[in-house]
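Below, each value reflects all heavy atoms present in this structure, side chains not excepted, and no hydrogens, waters or symmetry copies.
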Amino acid sequence: MFDAVTFDHTGDASVLRAVRLTPEPIGPRDVRIRQRWAGVNFIDVYHRTGLYPVPSLPAIPGVEAAGVVEAIGRDVDGLEVGQPVAWAGLPMGGYAQSRVIAADRVIGLPDHVSERVAAGAMLRGITAHMLLHRVWPVSRGDSVLVHAAAGGLGLILTQWAKRLGATVIGTVGSEEKAQAALEAGVDHILLHKRENIPARVRDLTCGSGVDVVYDGVGGSTLLQSLDCVRPFGLVVSLGQASGSLPEIPLTELGPRRSIAIARPSVVAYASNGATYRTATSELFAALGDGLRIHVGAAFPLAEARAAHEALEAGQTSGSVLLDLRGDADGREKGARA
């Protein structure tokens, strides 16, 4: 038996409940992982609320985790029992101490990447790779606007964009979060509750606007983003943490603005095996070269509901984790890795 968190109907965070489950058998091309850390992401919230449908209920949320290989199917090569590994993407199953998963979704961890760091970095790191290398290939001299710059993705995006030579403008909601973003290398920090973001962005870019906006906030922020980007620039909508996405007529994008909007999916990006391996390889290389993962909070598995509530309320910065080891006696906050 092992501990897990499931939901059998959609709704607010109260639908999450702790259960005991029996390990499932593994197939010839599968591995069983004893999971020790899991990432908590907004996609988990979207699955829980029904915004993103899940294949069946009850379901175990979570789209990234790390731990050690516990058992290997007979046709699996390249992995060993006891090896530290991580995974990200679908199928879900992060909020559990044990899971069976196809071996080709499992990535062995190099010595310089701990399981805890991997759980806080996999999905966000692959997302950053997609945004910076595929959606808009960032190069030296580009200017980018990162909304929620102190979030788990925002901190990784900022550091990686700076490594590519970009100028980064970041928005945050508090002075405390501003400090975290500045430590990650943001060139200009804007407090969205106090400032006119489009006006400040244009001030900082001599009236032109940024080359690309990364917007995981949604709601009215996405409409503001349209006024922050230069002609023939790009607004990337990658989430809706603050609410549903507004309807934007195509007439709002052209000829007055002459901009484009992208709506990429990291799940689709990571579903391609070659892309998945390339992105994780380059993420691990960046971690070995100084990219830092800030863990804003870690909750025991049984407190997954509290983790969701904190994430939704905007009370966290950096990555949010669940400690699956079974010996956690309290919450961990503000740790850096």
With the side chain counted from C-beta on, respond yes when Pro58 and Val19 share a heavy-atom pair under 4.5 Å apart, and no when they do not.
no
Between Arg194 and Glu175, is there a side-chain N and carboxylate O pair less than 4.0 Å apart?
yes
Quick one: closest heavy-atom pair of Pro25 and Arg32, and the distance?
CA-NH2, 4.0 Å
Joining Ile, Leu, Val, Met, Phe, Trp and Tyr whenever any side-chain heavy atoms lie under 4.5 Å apart, the cluster holding Val100 also takes in Ile26
Ionic contact status for Asp104 with Arg29, cut-off 4.0 Å
no
Are any of the side-chain heavy atoms of Ile60 and Thr6 separated by less than 4.5 Å?
yes
side-chain contact (heavy atoms from CB on, under 4.5 Å) filter on Glu176, not counting sequence neighbours, yields Ser174
Using a strict 4.0 Å threshold on nitrogen-to-oxygen distance, state whether Glu312 and Arg48 make a salt bridge.
yes
Do Asp211 and Ser143 have side-chain atoms, one donor and one acceptor, less than 3.5 Å apart?
yes
Indicate whether any N or O donor in one side chain lies under 3.5 Å from an N or O acceptor in the other, for Glu282 and Trp160.
no
Partner of Val186 by side chain to side chain contact (heavy atoms under 4.5 Å, CB included), out of Val168, Val172, Ile169
Val168
Is the shortest side-chain heavy-atom distance between His192 and Thr221 below 4.5 Å?
no
Under 3.5 Å, is there a donor on one side chain and an acceptor on the other for His147 and Ser225?
yes
Going by side chain to side chain contact (heavy atoms under 4.5 Å, CB included), Val210 matches just one of Asp142, Thr205, Thr167. Which one?
Thr205
Closest approach of Leu131 and Leu238, non-hydrogen atoms and distance?
CD1-CD2, 4.0 Å
Could you pull out all residues at least two apart from Arg140 that satisfy side-chain hydrogen bond (donor to acceptor under 3.5 Å, both in side chains)?
none
Distance check, rounded to the nearest 0.5 Å: Arg202 atom CZ versus Ile197 atom CD1?
13.0 Å
Given side chains that start at C-beta, do those of Ile126 and Met130 come closer than 4.5 Å, heavy atoms only?
no
